[in-house]
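Structure first, commentary second.
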Amino acid sequence: KVLEQKILEPYLRDRSYLFRIRMPFGPDKKDKNLLTKLQKYAKLVDNRNSVTNVEEFARCVLHFVETRPEPGIYNAVNTGSVTTQDIVEIFGWNKEFMTNEEFKSITVAPRSNCTLNTDKMESVFNFKTAQEISGVINGFDGGFSPTFNENSKLMGLQPAYYLYLR
């Protein structure tokens, strides 16, 4: 991702947006959906991360198209962070947890855990906070049936999105 940004930056700098999302979730049961991933594993590791509600991300992109704020890189994540344990408790799932050391011993590639800074995004668009996310997640049942807009089909996208403006 960093290399991609460095290569594209000179060409896109003055007229585009790069949206960084983190751990996307939404109502659709797709492989890239955080909720789908957490539901399918028997054992989880508890870490704190930023997350992106894809329906809010769609509203964010529309806001950028309509208002055309300053071009640049924006962390398109819900404000604050949540833990894996928080999400498991919200859904009432019965999950075992492993230590980070156990997790590292069974995975090939290292995983990152982080809370992205949202100051720049907040000056343009207000994502819900981590506390409000629990209310959004509560709107889904185990099958992720949405209680709101069921037309969100963003889950197949990659973790960074470019919006080019002419």
Side-chain angles (χ1 to χ4, degrees), residues 1-5 8 12 16-41 44-91 93 95 109-165:
K1 293 177 201 172
V2 173
L3 179 59
E4 175 183 342
Q5 284 177 216
L8 292 174
L12 303 176
S16 66
Y17 304 108
L18 170 64
F19 297 106
R20 291 183 182 145
I21 70 166
R22 179 100 180 116
M23 302 186 107
F25 74 93
D28 296 324
K29 273 192 145 180
K30 302 285 185 181
D31 290 341
K32 302 250 184 214
N33 187 337
L34 172 64
L35 304 178
T36 301
K37 290 176 180 181
L38 294 179
Q39 190 177 42
K40 78 177 181 180
Y41 294 119
L44 303 171
V45 62
D46 190 28
N47 288 305
R48 180 167 295 281
N49 281 286
S50 291
V51 294
T52 301
N53 176 318
V54 295
E55 293 192 338
E56 276 199 275
F57 176 61
R59 285 190 286 278
C60 171
V61 170
L62 289 174
H63 179 79
F64 271 68
V65 169
E66 291 170 355
T67 62
R68 295 189 179 244
E70 180 182 339
I73 298 171
Y74 290 83
N75 292 331
V77 297
N78 292 84
T79 307
S81 60
V82 294
T83 66
T84 310
Q85 183 69 46
D86 293 336
I87 296 169
V88 166
E89 287 175 8
I90 288 166
F91 276 101
W93 292 333
K95 296 288 184 175
R111 301 289 189 256
S112 65
N113 299 292
C114 64
T115 301
L116 299 177
N117 182 303
T118 57
D119 291 345
K120 184 175 179 182
M121 177 59 80
E122 287 176 40
S123 70
V124 178
F125 181 84
N126 290 312
F127 274 86
K128 286 182 169 62
T129 66
Q131 292 73 31
E132 293 169 308
I133 291 170
S134 64
V136 172
I137 293 174
N138 268 328
F140 304 121
D141 64 17
F144 310 158
S145 299
T147 56
F148 55 92
N149 185 359
E150 55 190 24
N151 296 318
S152 174
K153 301 296 179 196
L154 297 175
M155 294 310 299
L157 299 175
Q158 294 301 311
Y161 306 97
Y162 295 94
L163 179 60
Y164 178 78
L165 300 177

With [X] via side-chain contact (heavy atoms from CB on, under 4.5 Å) - residues at least two apart:
| X | result |
| --- | --- |
| Asn126 | Glu122 |
| Gln85 | Asp46, Thr83, Glu89, Phe97 |
| Ser112 | Arg22 |

Rounded at 0.5 Å granularity, tell me how far [atom1] in [X] sits from [atom2] in [Y].
| X | Y | atom1 | atom2 | result |
| --- | --- | --- | --- | --- |
| Phe57 | His63 | CZ | NE2 | 13.5 Å |
| Asn113 | Thr84 | CG | OG1 | 7.5 Å |
| Leu35 | Lys30 | CG | NZ | 14.0 Å |
| Asn53 | Leu34 | CG | CG | 11.0 Å |

* To do: Check the surroundings of atom CG in Asp119: do more than 12 heavy atoms from other residues, nucleotides or ligands lie under 6.0 Å from it?
  =>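 Correct, the count exceeds 12.
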
* With ring centroids as reference points, do Phe125 and Tyr74 lie under 6.0 angstrom apart? -> no

* With Thr79, which of Leu116, Thr115, Thr118 fulfils side-chain contact (heavy atoms from CB on, under 4.5 Å)? -> Thr118

* Non-neighbouring partners of Arg111 that pass side chain to side chain donor-acceptor pair (under 3.5 Å), sequence neighbours left out ->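 Testing Arg111 for side chain to side chain donor-acceptor pair (under 3.5 Å), a comparison that skips the adjacent residues, returns none.
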
* Counting N and O atoms only, with roles assigned by atom type, does the side chain of Lys37 sit under 3.5 Å from a partner on the main chain of Met23, one being a donor and the other an acceptor? -> no

